[in-house]
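Just below is one structure, and these are the notes that go with it.
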Amino acid sequence: MRLRPPLPATPFLVLLILVSAACEEGIARPGGDTVAGVSVDPPSKELTVSDQFQFDAIVRNGLGIRLPGLGVTWTSSDTSVVSVTSSGLAHAVGEGTATLAATLEGVSGSSVVTVLAPPLPVWPQHTCARAGTGQAWCWGRGIGGELGMGDRFGGAVPRLLPLSDGVVSITTGAGHSCAVTGDGTARCWGRGSEGQLGNATSRSVLSPVPVDHDDAWAQLTAGGRHTCGLDADGVLRCWGWNGFGQLGNATTVNLSTPVIIESPLRFSDVSAGGNHTCAVAVDGSVWCWGDNRNGQLGDGTRTDALLPVRAQSQATYVDVEAGTRHTCAIKDDGMADCWGANDRAQLGDGSLTDHLIPSRVSLNVRYDALALGASHTCGLGRGRRLWCWGEGASGQLGDGASVLRGNPTQLEGDYISVSAGAAHTCGVRVSLEAFCWGAGAQGQLGTGDYDGRPVPTPVAGGVQFVQVGS
């Protein structure tokens, strides 16, 4: 057999031989060990609050050969957005954008990290309540800062809200909460990504901050991602997310400060729903605006409205409450009407059909107050008896069963206040003891554990309350 002469060595083969020799004999690698470039992998990353992610620092010399990354120093441009350990493990702390830098021998690379707000529940999974002393407590889901305690921790027992000037009313939204204090100042806390805190920013705030408005507030209501309030003169203002026109200012632009509703009317009551808003005018008529896909505006259509439209009823109303997709109102005789989504019997007329105009709740109970959840409704009767109807799968109707109820079902006990969340309900009895029932996985029942309850169960702590947020 004829042997071929060896092939001449190529530059590539020579480089491989040199690298191999450097590894085996300890001689210098090609290009040396001087750091010429540092990059971070990945160069950009989107995280959600509470996420963790391991970044990698890639160090190279002048020939582009990767060097060991020992001794790399990691820093964050804003630790309130994202923090980072010495090994490059990042922790998403709060909404915003920050730059992570990896530095070695004076050479740096970076990655831009955008942190988004945590997922938003469809309706509150937390509860807040006010005592007669003016103090307030919150419990349940806390990752959005909605408990107002300066952190993102939830809890299954009431935590005292850091407000020293006296709370006169409190309201809970899907991911934020608000209170009116004794001097008429409004303060909000929690998710602020859509401007719903009214403090001229679009970031979450973990403790109560004043709403950017000089006049005193008479009433405040927190919705899905927006907030509205009334002053003593009946002037109505809203702020926050406006994707369906729920701010009522003829636009769909989000606003982080209060804007006056474009209407010559003056109002006596207002309620912010999931994506819509309704208010009672001083003449007793009800006006709604925003999302109307289920008829929750009550004007006989399914057309969204960027300005207030009147619900089709000639009745005189004294109170209105908006849920995620339905609305209910109390007339001057105490009877209740509901309209909008009815797929879970939340309108209380025994049917499962949506109603585009106000429809009478069955049984002719006279009510003093209403509370609307995601798909259930509760009403405080004039005899201080509590009635609930609609979706009951999580026990939120409080009657011991976990079934849907098409008509109002009476609960045991005498109550003075009621509030409804996504799938839970809370009420204050005449004894000033708070009870909660329904879904409890977020600690929203305040019973000290994370179990659900199909019947009213006392809230832990023994505090005497006079109002639960609604």
Less than 4.5 Å apart, any side-chain heavy atom of S263 and any of L307?
no
Flag the pair T251 / L306 as yes when at least one side-chain heavy-atom distance between them is below 4.5 Å, and no otherwise.
no
Closer than 3.5 angstrom, by distance alone: can the side chain of Q467 be matched with the main-chain N or O of I170 as a donor-acceptor pair?
yes
Are R384 and Y415 close enough that a side-chain donor and a side-chain acceptor fall under 3.5 Å?
no
Rounded to the nearest 0.5 Å, how far apart are OG1 of T316 and CG of D283?
7.5 Å
For F55 and K45, what are the C-alpha separation, side-chain angles and deciding distance, and is it a side-chain contact (heavy atoms from CB on, under 4.5 Å)?
CA-CA 10 Å; F55 286 86; K45 183 66 178 178; 3.8 Å; yes
Under a 3.5 Å distance rule, please check whether S394 uses its side chain to pair with a backbone N or O of G438 as donor and acceptor.
no
Are the side chains of L397 and T409 in contact, using a 4.5 Å heavy-atom criterion?
no
Going through the checks in order, is the side-chain contact (heavy atoms from CB on, under 4.5 Å) test met by S417 and L380?
CA-CA 7 Å; S417 177; L380 181 60; 5.7 Å; no
Nearest heavy-atom contact between V463 and A131 is CG1-CB, 4.4 Å
Donor-acceptor contact present, side-chain T221 to main-chain C228, <3.5 Å:
no
Between T277 (side chain only) and Q246 (backbone N and O only), is there a donor and an acceptor less than 3.5 Å apart?
yes
Specify the closest pair of heavy atoms between P158 and V459, including all atoms of both residues, with the distance to one decimal.
CG-CG1, 3.5 Å
Can you tell me if R385 uses its side chain to pair, donor with acceptor, with the backbone of G413 under 3.5 Å?
yes
Sidechain-backbone polar pair: N294 side chain, Q296 backbone, donor-acceptor under 3.5 Å:
no
Side chains of N407 and S362: any donor to acceptor distance under 3.5 Å?
yes
Taking the side chain from R141 and the backbone from A174, do they hold a donor-acceptor pair closer than 3.5 Å?
no
Measure the spacing between CD of E194 and OG of S204 and express it to the nearest 0.5 Å.
8.5 Å
With a 3.5 Å distance limit and no angle check, can you tell me whether S419 reaches the backbone of C426 through a side-chain donor-acceptor pair?
no
Any pair with a residue in residues 235-259 that passes salt bridge (charged side-chain N to carboxylate O under 4.0 Å, His left out), sequence neighbours left out, goes on the list, sorted by first then second residue, please.
D231-R237
Where P42 and F53 come nearest, the two heavy atoms and their spacing:
CD-CE2, 3.5 Å
Measure the OG1-CH2 distance between T252 and W241 for me, rounded to the nearest 0.5 Å.
9.5 Å
Would a distance-only check, ignoring hydrogens and angles, find a side-chain to backbone donor-acceptor pair under 3.5 Å from N292 to L297?
yes
Any donor-acceptor pair under 3.5 Å linking the side-chain atoms of Y317 with those of D269?
no
One pair to check against side-chain contact (heavy atoms from CB on, under 4.5 Å): V81 and V113. What are the steps and the verdict?
CA-CA 9 Å; V81 174; V113 181; 6.0 Å; no
Quick check on side-chain hydrogen bond (donor to acceptor under 3.5 Å, both in side chains): which of H376, Q396, R344 does E391 satisfy it with?
R344
Do N249 and N242 have side chains that approach each other closer than 4.5 Å (heavy atoms only, starting at C-beta)?
yes
V365 and Q410, any side-chain heavy atoms less than 4.5 Å apart
no
Using modelled atom types and a 3.5 Å cut-off, is there a donor and acceptor pairing between side-chain atoms of Q312 and backbone atoms of D299?
yes
Is any side-chain heavy atom of H126 closer than 4.5 Å to a side-chain heavy atom of S177?
yes
In sequence, state the C-alpha distance, the side-chain angles, and the governing distance for F267 and W287, and then conclude on ring pair (Phe, Tyr, Trp, His ring centres under 6.0 Å).
CA-CA 9 Å; F267 298 93; W287 299 75; 7.7 Å; no
If you define the side chain from C-beta out and look only at heavy atoms, does anything of W387 sit under 4.5 Å from V361?
no
Heavy-atom closest pair (L370 atom, D319 atom, distance to 0.1 Å) is N-OD2, 4.4 Å
For S76 and L100, which heavy atoms make the closest approach, and how far apart are they?
CB-CD2, 3.7 Å
Mutual orientation of the aromatic rings belonging to W389 and Y367 [parallel < 30°, tilted 30-60°, perpendicular > 60°]:
tilted
With salt bridge (charged side-chain N to carboxylate O under 4.0 Å, His left out) as the rule and sequence neighbours excluded, what pairs involving residues 285-294 come up?
D291-R293
W189 side, atom CH2; L147 side, atom CG - distance, nearest 0.5 Å
10.0 Å
How long is the straight-line distance from CE of M149 back to CH2 of W139, given to the nearest 0.5 Å?
10.0 Å
Pick out which of V270, L236, T171, V180 makes a side-chain contact (heavy atoms from CB on, under 4.5 Å) with Q219.
V270
Using the side-chain contact (heavy atoms from CB on, under 4.5 Å) rule, take T327 and V286 through it: C-alpha gap first, then chi angles, then the decisive distance, then the call.
CA-CA 11 Å; T327 308; V286 168; 5.7 Å; no
Identify the residue among T185, T181, L161 that makes a side-chain contact (heavy atoms from CB on, under 4.5 Å) with P208.
L161
Pairs where residues 430-447 contributes a residue and the test side chain to side chain donor-acceptor pair (under 3.5 Å) is met, not counting sequence neighbours:
T447-D449
Does R159 reach the side chain of C138, with side-chain heavy atoms less than 4.5 Å apart?
no
What one should report as the nearest heavy-atom pair of C378 and T425 is SG-CG2, 3.8 Å
Pair S375, D343: side-chain N/O donor-acceptor within cut-off below 3.5 Å:
no
From NE2 (H91) to CG (L47), nearest 0.5 Å:
10.0 Å
